[in-house]
Amino acid sequence: MLMHIVLFTFKTPWRWASIDAIDAERTTRVHPDYIYEIKGWACGRNITRRHIAADFVVIGMFEGRAC
């Protein structure tokens with residue numbers, strides 16, 4: 001089993017109020033409905049205000065690494 005973790009941090013001018021950011025979040029949440037290789041999926045916004053924290057995380061579980 002392979003766990004793939006991706007952290008996203010917004011750069012100016014992007015923020016959660018941006019329509020593109022909201023659309024990207026919505027799209028990311030439904031990836032498992034369209035990508036059959038995904039065996040587990042979690043994603044979400046950061047809820048803290050720490051300056052070193054990422055804004056969004058995606059965690060995907062896969063059977064293995066496809067070459």
Side-chain angles (χ1 to χ4, degrees):
M1 189 66 65
L2 173 71
M3 179 185 292
H4 185 66
I5 302 170
V6 181
L7 303 170
F8 295 91
T9 301
F10 291 145
K11 302 293 182 196
T12 304
W14 303 105
R15 54 193 169 88
W16 278 116
S18 303
I19 296 299
D20 289 336
I22 294 167
D23 188 46
E25 177 186 21
R26 187 177 307 128
T27 301
T28 300
R29 292 190 181 282
V30 297
H31 279 357
D33 295 343
Y34 300 97
I35 304 170
Y36 71 91
E37 293 91 353
I38 295 174
K39 304 304 179 193
W41 192 252
C43 60
R45 294 180 181 199
N46 177 20
I47 59 171
T48 67
R49 296 191 184 266
R50 298 176 61 202
H51 72 280
I52 62 170
D55 293 304
F56 191 73
V57 65
V58 175
I59 303 171
M61 299 292 290
F62 303 88
E63 286 294 328
R65 184 177 180 166
C67 297

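Taking a 6.0 Å sphere around CE of M3, one finds it holds 12 or fewer heavy atoms contributed by other residues, nucleotides or ligands.
What you find for N46 and A54 is that their closest heavy atoms are CB-O, 2.9 Å.
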Side-chain donor-acceptor distances from residues 4-19 under 3.5 Å, at least two apart:
unit_1 : atom_1 : unit_2 : atom_2 : d
S18    : OG     : R15    : N      : 3.2
S18    : OG     : R15    : O      : 3.1

Please output the side-chain donor-acceptor pairs of residues 28-42 that fall under 3.5 Å, not counting sequence neighbours, one pair per line with the distance.
unit_1 : atom_1 : unit_2 : atom_2 : d
T28    : OG1    : A24    : O      : 2.8
R29    : NH1    : C43    : O      : 3.2
R29    : NH2    : E25    : OE2    : 3.0
H31    : ND1    : T27    : O      : 3.3
W41    : NE1    : T28    : O      : 3.1

